[in-house]
Structure formats: C-alpha cells, structure tokens
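Heads up, the thing below is written out as structure tokens.
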Amino acid sequence: MPEWKDTCNLPRTAFSMKANLQTTEPEAIARWDAMALYGRIRAARQGAPLFLLHDGPPYANGEIHIGTALNKILKDLVVKSHNMAGYDAPYLPGWDCHGLPIELKVDRELGPKKKQMSTADFRRACRAYAEKYVDIQRRDFKRLGILGLWDDPYKTMAFRYQASIVRALGRFVEQGMVYKGKKPVHWCTHCRTALAEAEVEYEPHTSPSIYVEFPLAESSLPELARRVPALAPRLTAPSAPSASSAAPASASSVSVLIWTTTPWTIPSNLAIAFHPEFRYAAYDVDGTAVVVAKDLAASVAQKTGRAFGEPLAEFDGTAMERLSFRHPLYARDALGVLADYVTLEAGTGAVHTAPGHGADDYRTGVKYGLDIYAPLDAGGHFVESVALFGGLQVFDANPRVEAALAERGRLWHREDYDHSYPHCWRCHNPVIFLATAQWFIAMEAHDLRARALSEIRDRVRWIPAWGQARIEGMIANRPDWCISRQRAWGVPIPAMDCTTCGQAVLTGALVERAAAVFDEFGADAWYERPVEEFIPGGLACPACGGTSFERESNILDVWFDSGSSHEAVLPFREHHRWPADLYLEGSDQHRGWFHSSLLVGIGTRGRAPFDQVLTHGFVVDEQGRKMSKSLGNSVAPQDVIKQSGAEILRLWVSMVDYREDIRLGKEILARTVEAYRKIRNVIRVLVANLYDFDPVAGAVPHERMLEIDRWALAKYAECADRIVRAYDDYDYPAIFQAASTFITVDMSAFYVDVTKDRMYTFGANSEARRSGQTAMFTIVDGLARLLAPILSVTMDELWRALPGGRAPSVHMALFPMGDETARLRSPALLDRFATLGAVRDEVNLALEQKRQEQVIKANLSAQVRLETGGEEARLLADCRDFLPTLFGVSHVELVTRSGSGPDGGQPRRITVTRADGVRCERCWRFVPAVSDEPATRGLCARCVEALALVAGH
RNA sequence: GGGCCUGUAGCUCAGCUGGUUAGAGCACACGCUUGAUAAGCGUGGGGUCGGUAGUUCGAAUCUACCCAGGCCCA
C-alpha cells in the first residue's frame with residue numbers, strides 16, 4: 001500500500017520555522033555591506049522626490065542604550081518606508097563629539113599626565129576618545145539592521161563641520177545678535193576655575209545663618225503709605241545706619257527682614273525678593289514695623305528671640321515691588337522685586353538677592369535690569385574698592401560681615417546651619433556662585449524670539465501636536481542664550497581681547513578668518529597657530545584703537561555645535577538640501593536639539609531648518625518607572641540582540657505607541673518573540689506552498705481564480721493600503737495591528753486552513769491549486785515588502801526564498817500600492833465573505849458543542865445540516881459546493897426555508913452529526929464510497945482523479 | 001514647586017467630534033489535530049476603562065481635584 005502522504009503536495013521550504021536570528025542577522029548585514037545596498041538604493045531612487053530625515057547626532061561617549069536603539073530604529077522605519085514608497089530618502093548618520101562628558105572621561109583616563117599636556121594635545125586625546133566611541137556605536141547601529149551612509153557619517157569635530165559652526169556663529173555676530181555680558185557660574189576659588197554642574201559634588205557643610213534687617217528707604221515711604229494705608233500712621237523717616245551706634249532703629253520705622261546662609265554676599269546685595277502670591281504682614285517689634293511672610297512670622301520671632309505682636313497690616317508680596325530698602329552696610333538701596341522661587345519653607349519670605357552670586361538672583365536681576373554685581377577676583381577676594389572687606393577672601397569675610405551688621409544693629413540673629421552645599425569635585429573646597437564674563441545671543445535682537453515663535457506656530461508641524469505648546473513655552477520664557485563655556489574640548493569662540501584696554505572684540509571678519517583656518521587645520525589651530533593668522537587686516541579695538549590682541553579661551557556651548565548641524569551638513573552632502581523635512585528625537589530635545597537648531601536656523605537663514613518634528617517618549621520598565629542602574633531594571637539592547645535578535649527589538653519598536661513612554665521588560669520581550677514567531681510561521685506556510693510555483697508560467701489570471709482566492713487578494717489589498725497609509729502617518733502600531741490581524745485571523749485561522757485540502761490533495765498543476773498559489777504568491781510577495789522596514793532581515797530572507805525574478809534585496813523594492821493593489825480590491829467579495837465568516841463562526845460553535853459531547857472529533861468527522869432562509873440562503877446556495885471546505889467538514893446539507901431565516905427574524909438552525917460514509921485515506925474526508933482498484937484502493941473519486949493527473953504527466 | 005504629557009483585560013494596542021451588553025492579537029485554561037508539528041484549529045474565562053466629585057437623559061470619551069508615573073525646568 002502506497003504512503004498516500006507522499007502523493008500529496010505537502011508544503012516544503014528553506015524558510016525555516018526557527019529564525020536563528022543570531023546567525024542570520026549578521027549574515028544579512030554582511031551581505032548588505034558586500035553588495036553596497038545603501039548606495040544601490042540611492043542610485044535606484046536618484047531623481048525621485050527627496051525626503052530628508054536629518055539625523056540628530058548621539059553623543060560619542062559610551063555604549064548605546066535602549067533609548068538610542070529606539071531612536072535609531074524609528075528613524076530607520078521612517079527612512080526605509082519612504083524609500084519603499086518611492087522617495088529618495090537618504091540617511092546620513094551623525095555624531096556629537098565635543099563637550100564636557102568626553103573631556104571629563106579623558107581627564108580621568110590621563111590622570112596626572114594631563115598637567116604636562118598642552119591644550120592642543122589634550123584635545124587630540126579627546127578626539128581619539130570620541131573616534132573610538134563613534135566606531136563602537138556605529139557597529140551597534142549597523143547590528144540593529146539600520147541602513148545608512150555608515151562609511152561617511154557627519155561628526156561635529158570634523159574640520160569642515162567645525163568651520164561651519166563658526167560660520168553659523170558669524171551670521172549672528174554680523175547681525176549684532178551676540179554680546180558679552182555677565183552670568184554667575186559655579187566657581188572654585190581654590191582651583192580658580194569655572195565648574196560645570198557635573199563637576200560639583202554636594203557635601204554636608206556648616207554655614208552661618210543670619211537674619212538681617214533692611215530698613216525701608218525714605219523715598220519709598222509715600223508709595224508704601226499709598227499701597228498699604230493701614231501702615232501710613234507709622235511711616236516716618238527710618239534711622240540712618242550708623243557705624244558708631246548699636247542702638248535699635250527709630251520707633252517709627254519700617255523694615256524688612258531677610259535670611260541668608262552666605263553673609264559674604266551681603267556686600268553684593270542689590271535686591272530683596274518677595275513672592276507675588278504670598279501674604280506678608282508688618283509686626284510691631286520693639287517699635288519697628290517689621291515685614292515678613294505671615295506664615296513665617298512665628299518661626300522668625302522664635303529664632304530671633306523678639307516679640308512679634310499682632311500684625312499691624314497685611315498685604316500681598318506685590319505691595320513690595322519696586323520699593324527701595326536701605327542697604328544695611330552701604331549708602332545705597334536694595335530694590336523690592338517679585339520672584340516665584342521664594343518659599344515658605346525657611347527664612348522670612350523675603351529673599352536677599354545678589355545677582356552676581358546666584359542663579360535665581362541672576363535671573364531676577366536681569367528681569368529688573370540690575371547690575372550683575374560680583375566684585376571678586378578669581379581667587380574669591382573682594383576687590384579693593386569694596387568698602388570694609390577689600391582684599392578679604394569670601395569665606396574669611398563671613399564673620400567680618402556679621403560683625404559689621406551687628407555693629408549697625410542690623411543683625412537680628414546668627415546661628416550655625418547644616419546643609420548640603422556644592423563642593424569642587426577636584427579639591428573638595430566649597431564653591432561659590434560668581435558672575436563671570438560670558439558671550440550671549442540676545443533673544444530680542446533681530447526679533448529672534450518672536451521669529452522663532454512664529455516658525456513654531458505657523459510653519460512647523462509638531463507630532464504629536466502638544467510638542468508645539470512645549471517648545472513654545474520654552475522659547476517664550478528662556479533667557480538670552482549663553483553660548484560660551486570655559487572648557488577645552490570644543491569649538492573656540494574666535495574672539496580677541498585688546499591687550500591695551502581689555503575690550504573684547506568679535507566681528508564677522510574675525511569669525512571668517514577663523515573659519516578659513518579651521519577648514520584647513522581644524523579648530524585645534526586656535527591653540528597652536530600664531531595669533532596673527534586669526535587677525536584680519538585692519539582690525540582695531542573699537543574702544544581704544546589698539547591693534548594688539550590676544551585670543552580668548554572660551555569655547556562654544558555644544559548645543560550650538562549640534563544646533564548647527566543643518567548648516568554643516570544639509571547644504572554640502574549628496575541627496576541633501578536645506579531645510580530638512582523631518583527631525584525625529586526624544587521629547588527631551590524640545591529643550592535640546594530642536595530648540596538650538598531652530599534658533600541657529602533663524603539666525604543663519606531666517607527660518608526653521610525643519611518642516612516636521614516627530615518626538616518619541618522614553619523607555620521605562622514594565623511598571624512604568626524610569627530605567628536606572630540603581631533599580632537594576634535596565635534592558636540593554638546588546639543583551640536583547642544576543643538573546644532574541646535585533647528583529648525582536650525592531651518589532652517591539654514598531655508595535656508600541658512611541659509617542660508616550662514605552663515600557664520594556666521580560667514579559668514584553670517574551671510577547672514580542674511570540675508575535676514574531678506567529679508572523680514567521682504563517683508566512684512560512686505561505687511560501688512553503690509555493691515550492692513548485694512559477695509566478696510567470698503558473699499564475700492564474702485574476703478573473704479565473706477561485707472566489708476565495710480572489711477574496712484573499714481583496715483582503716490583502718485592503719491590508720496593504722492600510723499599511724502604506726500608516727507608514728505615511730508614522731503610525732507604526734497600526735501597521736502591526738493590521739498586519740497581525742491579517743496574518744493571524746484572515747490567513748492562518750481562515751484562508752490557509754480552508755485552502756489546505758485543495759493545496760495538498762489536488763493535482764499539483766491543477767488550475768485550482770495554481771489559483772491558490774497565485775494568491776499566496778501575491779500576498780507573501782507583498783507582505784515581504786510591507787514588513788521590510790520593520791523585519792528587515794527576516795523579510796530580506798523571505799524575499800530570497802520567493803520564486804520569480806526580483807530586485808537583489810527587498811529594500812530596493814517598492815511597496816505594493818497604486819494599481820498593484822487597486823486591481824485586487826473588491827468590496828463586494830469582502831461583504832460576501834463577511835457573511836460566510838459569520839455562518840462559519842456559528843457552525844464552529846455547533847461543532848465544538850458536539851466535540852465536547854464526544855459525538856465528533858476532528859471537523860472532517862462531522863457533517864452539517866444547515867437550515868436558513870432569505871438573502872443568506874441564496875448566498876449559501878450560490879456557493880453550495882464550497883460549504884464543506886468553508887466549514888472544514890465532510891458534508892453539508894443545505895435546507896432553504898422560504899420566507900424565514902435571519903432576515904425574517906428566525907435564527908438559522910445548525911445540526912451537527914457524525915459524518916456518513918467512509919474515510920478517504922488520502923484526503924481524510926468522509927465520502928459515500930471509495931475506490932476498489934488495487935492501485936487506488938481506499939481513495940475517493942477526487943483523489944483518484946488527482947493521482948491520474950500526476951501519472952498523466 | 002512650575003511647564004508639557006501619560007494611566008482601557010497578564011502584555012501590546014483599537015475604541016472619531018460623549019449614545020446599545022468596552023473590542024483585537026498575544027498570553028492563560030480546556031478540547032481537537034499530528035499532512036504548518038518546539039507548529040496548526042476550535043471553544044472559554046478574564047476589564048468597577050488609575051481614583052473621587054461634578055456636567056449631562058446618558059461618559060472610557062467633557063470639567064475639577066487627588067493618586068501613580070515620564071520628560072524638561074527650578
């Protein structure tokens with residue numbers, strides 16, 4: 001007896017069930033490299049409309065993490081899908097190479113050696129460090145399956161890029177938008193240097209805590225009387241501070257009490273800040289009307305040991321704005337100002353403000369037009385012109401300030417105060433805030449702010465839309481852009497100081513000189529080549545006319561570097577143009593790269609360098625908590641690649657809603673692996689049915705295909721259209737949903753299952769089987785392309801397993817779209833099968849019931865009697881012969897009830913019984929009779945015929 | 001503390017401008033299959049739509065507050 005199984009057309013394919021991604025991924029990537037795939041895609045799309053995603057440069061420091069991987073995969077989805085939609089969509093990756101983190105790492109690696117190195121040598125070490133991480137990251141990005149111009153990326157430390165940065169700065173300079181001003185930074189008086197936030201360590205420290213009285217200035221008496229009438233009767237001239245007298249203030253004065261833990265900043269006090277929304281009150285204390293925040297009065301009274309009576313008057317902080325208070329030590333006034341950082345947690349609710357010695361103080365000072373006053377030298381000594389304290393180091397000055405205040409009767413209380421205070425990470429001495437000379441881009445110059453806001457509102461499309469509100473708020477409220485840093489690894493600001501009068505000079509000509517030198521030698525030249533090379537002919541100091549200069553040592557904020565990428569890259573590279581269509585980064589870049597790129601774009605060309613900005617969220621753990629080393633909940637992309645494959649990571653990115661925070665953890669990865677397997681298996685069975693199919697010779701014309709095959713194509717066309725649209729909308733989860741439903745529900749559970757019998761048991765070359773193959777081929781060929789941007793390796797592997805001539809890689813192909821899918825659509829067929837599907841669902845329920853009752857086992861062991869009426873009966877009668885196949889049973893008896901059925905309100909009736917007849921040993925259906933012939937014994941007529949066809953060939 | 005955002009089954013997602021018993025896939029349980037087999041098919045259980053209070057004839061969908069979380073500031 002022959003093994004009938006061997007006469008069936010059982011599926012076979014080299015497209016294995018197990019993916020072996022750990023092997024196939026590196027192989028595919030090597031193949032792409034070998035065939036120069038990226039370049040071939042460029043050549044193939046030459047002349048097509050450009051779609052320009054401009055890469056935001058990751059920082060060339062450390063291994064890539066899951067967030068970097070997410071970002072690059074999203075970009076790859078955008079780029080690949082646009083290429084397949086018919087655009088010329090290049091991908092030019094970039095790296096951000098300058099900046100503090102690298103400087104600090106290199107610093108640490110060099111150790112004491114650094115002391116002997118020149119700045120230029122140190123910069124060379126930084127460059128080598130950055131180069132090393134560019135290589136490491138590039139390797140990992142390629143391993144993720146990302147296609148791009150990896151051989152020639154852009155780097156912010158490239159000579160020409162450095163020149164472009166300086167030229168971009170030059171545009172601001174020429175328009176008069178750059179100025180030199182002052183701003184407080186962390187300053188170590190021991191190391192005599194500015195410190196970045198990352199170089200500051202918070203350590204416990206004991207500071208003096210003092211409460212100081214500032215009397216209201218006489219000139220403000222009338223105004224206060226007007227604002228707070230209840231106080232009017234008490235308003236008389238305050239007593240003048242007197243060096244000789246420690247007597248309390250005159251009984252009829254008004255004062256405000258402040259609290260500070262840095263007495264040495266009192267000489268630099270220029271203002272007192274009040275909260276606009278807090279309630280303040282004036283209390284009679286030994287005859288003086290003392291103003292403090294109402295909620296803090298009790299604690300202040302307790303601290304100072306003074307008796308605060310009932311409030312004489314109450315008012316909001318706004319009542320204090322622009323009143324003048326007498327400085328407790330000097331013959332000048334402190335201005336009453338409003339600030340929302342004033343708290344009720346400690347102190348008096350009135351905050352001592354020295355704009356040259358605090359970040360908040362500085363902002364408030366700028367807002368009220370105060371001098372950024374910081375009369376200290378680099379070692380933290382008061383300059384000689386400061387009365388009482390000239391020459392004193394600030395920490396030595398503390399007790400002297402207290403003493404001077406006490407002498408004048410202005411020191412109400414003094415105690416030790418333990419708190420966490422910033423220290424220098426190198427020498428571990430406490431640091432101070434010190435206003436230093438810095439370069440700024442003025443937000444109001446040339447309407448920079450207003451033009452940026454109008455670009456945000458009117459030109460750029462923000463996806464999601466709330467991105468607009470976010471960056472709008474930031475631009476609207478940001479202070480002038482401080483673009484200078486006192487560091488070594490970056491692009492120097494090519495400014496000169498006049499050696500005669502000290503005037504800082506920065507002109508367009510100076511900038512262009514530097515740019516020309518940088519073009520040729522790189523920015524290291526600033527530290528190595530003679531100063532004359534950087535001084536354009538005829539340069540004279542605008543202040544004194546001097547012609548001798550020395551270089552400044554400030555470098556540019558690295559945000560200016562990366563913010564200039566559109567200027568450094570877009571105009572110069574092949575397949576590029578200015579501006580870009582799209583920037584795509586994490587939502588933190590509203591503050592970062594989008595922000596700086598926009599400002600640079602306005603400065604250089606008067607518009608935003610992008611038309612669309614797409615943002616994604618952050619990867620968090622399965623509980624929605626941020627990933628961190630200390631929590632141990634991080635997922636490393638390298639580990640996922642090793643354990644599951646980059647395809648899993650890519651699939652994960654494609655199925656989540658990247659606009660919000662994205663969860664990732666063990667279960668999610670496990671689910672993703674399951675999803676991958678499901679897709680792979682269904683695709684595998686489709687290909688496996690094509691092992692003997694020639695799409696040219698074997699294809700059945702559409703009109704002659706079986707109805708269910710045409711339905712499958714109609715369903716596929718619907719799915720393809722939806723997917724192509726979703727790519728265009730950057731709606732990747734919709735792609736997964738559509739593809740997954742089509743693959744699992746329409747293909748696996750329905751079409752493949754229902755067609756199985758025909759594909760396996762019919763004559764291999766029968767038109768019915770070829771009809772099915774035609775559908776399966778079209779579908780799997782289309783799915784390979786539709787899913788290629790996501791499952792780039794798997795679909796390329798599939799592409800190679802498919803019969804027929806085709807492009808060397810799926811990534812060079814185009815999506816199924818236009819006429820390719822339009823000709824397959826058929827709403828009528830979809831309708832018809834929706835009804836058939838509903839009937840099938842109900843038959844399944846009945847079958848399951850009988851299975852539970854153990855009347856039947858497999859569906860083929862059952863037969864169905866189906867009574868119905870109306871429209872549905874006509875439809876079912878129309879495809880009577882298809883019904884056993886549709887239900888997967890051996891026989892269907894259709895009974896039409898006139899005038900009833902679902903349309904008439906009566907439910908259809910389904911009766912399931914054990915199938916009559918005998919079981920065909922080849923196709924396993926129960927049939928009335930089987931063959932008796934020796935060669936075909938036990939086979940049904942259909943199988944006999946199928947075998948005859950094979951034999952006949 | 002402030003600005004922006006998020007919270008639907010174990011997981012990933014749908015649920016348009018408020019309107020019948022809140023859906024899909026996966027996972028899970030049970031049955032079938034052994035000619036997709038470290039697969040496949042069927043059936044089933046599972047959600048007070050973060051919480052509370054409102055607006056409304058009616059809210060997952062609108063408002064306020066609260067809780068939890070994220071990004072950026074301070």
Side-chain angles (χ1 to χ4, degrees), chain A residues 3-13 17-18 339-345 359-360 363 464 466-474 476-478 586-592 595 615-627 651-652 654-657 659-689 732-734 736-745 748-750 752-754 756-757 759-761 840-841 843-849 851-852 854 856-861 888 922-924:
Chain A
E3 189 69 60
W4 295 123
K5 179 176 174 174
D6 298 334
T7 70
C8 295
N9 316 302
L10 297 185
R12 58 181 98 137
T13 177
M17 182 178 296
K18 194 168 180 326
D340 54 15
Y341 53 79
V342 176
T343 77
L344 295 174
E345 268 155 41
D360 285 337
R363 285 192 328 170
W466 52 256
Q468 181 187 325
R470 192 161 190 218
I471 193 167
E472 208 175 320
M474 289 171 177
N477 295 314
R478 68 157 299 152
S587 60
D588 56 333
Q589 299 303 328
H590 286 115
R591 164 63 64 183
H595 192 116
T615 53
H616 58 79
F618 278 68
V619 183
V620 294
D621 73 8
E622 284 181 316
Q623 274 70 251
R625 249 168 267 272
K626 125 202 234 146
M627 288 188 171
L651 183 59
W652 165 72
S654 82
M655 58 201 274
V656 299
D657 183 355
R659 284 160 267 236
E660 304 167 11
D661 290 335
I662 309 150
R663 294 172 187 237
L664 182 61
K666 274 180 80 171
E667 173 164 12
I668 293 169
L669 280 170
R671 290 294 85 80
T672 312
V673 170
E674 295 292 338
Y676 175 86
R677 272 213 278 265
K678 181 77 188 184
I679 292 170
R680 186 176 178 99
N681 271 320
V682 178
I683 281 176
R684 174 171 177 271
V685 72
L686 292 173
V687 206
N689 274 308
Y732 305 120
F736 176 78
Q737 297 285 330
S740 168
T741 303
F742 176 70
I743 286 170
T744 60
V745 179
S748 183
F750 183 70
V752 173
D753 212 43
V754 166
K756 217 183 247 181
D757 173 58
M759 301 307 286
Y760 297 173
T761 69
R840 183 177 188 261
D841 288 343
V843 171
N844 269 335
L845 283 172
L847 286 166
E848 187 61 23
Q849 170 102 33
R851 201 170 0 251
Q852 298 296 334
Q854 302 191 339
I856 61 162
K857 299 192 87 177
N859 285 4
L860 276 178
S861 67
R922 185 166 176 274
C923 70
W924 300 343

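Here is how names work: the chains are called A, B, and so on, in the same order as the sequence lines, proteins then strands, and each is numbered from 1.
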Assign A:Arg663 to base, sugar-phosphate, or nothing according to its heavy-atom contacts below 4.0 angstrom with the strands shown.
sugar-phosphate
Measure CD1/A:Ile743 against P/B:A36 and give the value in whole Å, please.
18 Å
Of the listed nucleotides B:A27, B:A36, B:G69, the one nearest the side chain of A:Asp661:
B:G69
Can you tell me, in whole Å, how much space there is between the P of B:G47 and that of B:G10?
8 Å
Among B:A74, B:G35, B:U37, which is the nearest nucleotide to the side chain of A:Trp924?
B:G35
Same-atom distance (P) from B:C13 to B:G7, integer angstrom:
11 Å
When you compare B:U55 with B:U61, how far apart are their C1' atoms, in angstrom units rounded to a whole number?
14 Å
Below 4.0 Å: OP1/OP2 of B:G31 and any side-chain N or O of A:Lys857:
no
How is A:Thr672 classified with respect to the nucleic acid when contacts are heavy atoms under 4.0 Å: base, sugar-phosphate, or nothing?
nothing
Contacts of A:Met474 and A:Leu664 projected onto RNA chain B by closest heavy atom; the upstream (5') one is A:Leu664
Regarding A:Lys18, tell me which of base, sugar-phosphate or nothing describes its non-hydrogen contacts under 4.0 Å with the strands shown.
nothing
Ignoring backbone atoms, establish whether A:Lys5 has a side-chain N or O less than 4.0 Å from OP1 or OP2 of B:G35.
yes
I'd like to know if A:Arg671 and A:Glu674 make a salt bridge, using a cut-off of under 4.0 Å between side-chain N and carboxylate O.
no
Is A:Gly617 touching bases, backbone alone, or none of the nucleic acid, heavy atoms closer than 4.0 Å?
nothing
Rounded interatomic separation in angstrom, taking CD from A:Glu674 and P from B:C26:
10 Å
Would you indicate what A:Arg671 reaches in the nucleic acid, counting non-hydrogen atoms under 4.0 angstrom: base, sugar-phosphate, or nothing?
base
Check side chain to side chain donor-acceptor pair (under 3.5 Å) between A:Asn681 and all other residues, then give those that pass, not counting sequence neighbours.
none
Counting the atoms with a prime plus P, OP1 and OP2 as sugar-phosphate, which does A:Asn477 contact under 4.0 Å by heavy atoms, base, sugar-phosphate, or nothing?
nothing
Under 4.0 Å: is that the gap between some side-chain N or O of A:Arg684 and OP1 or OP2 of B:U37?
yes
Contact class for A:Ala858 vs. all strands (heavy atom < 4.0 Å): base, sugar-phosphate, or nothing?
sugar-phosphate
Do any N or O atoms of the protein come closer than 3.5 Å to N or O atoms of nucleotides 42-44 of chain B, and which pairs are they?
unit_1: B:G42; atom_1: O2'; unit_2: A:Glu848; atom_2: OE1; d: 3.0
unit_1: B:G42; atom_1: N2; unit_2: A:Glu848; atom_2: OE2; d: 3.3

Side-chain atoms of A:Val656 come closest, of B:U12, B:C71, B:C73, to B:U12
OP1 or OP2 of B:C4 versus the side-chain N and O atoms of A:Ser587: is any pair under 4.0 Å?
no
At 4.0 Å (heavy atoms only), tell me whether A:Asn681 reaches a base, stays on the sugar-phosphate, or touches nothing.
base
Rounding to the closest angstrom, what is the interatomic distance between B:U20 and B:C30 at atom C1'?
32 Å
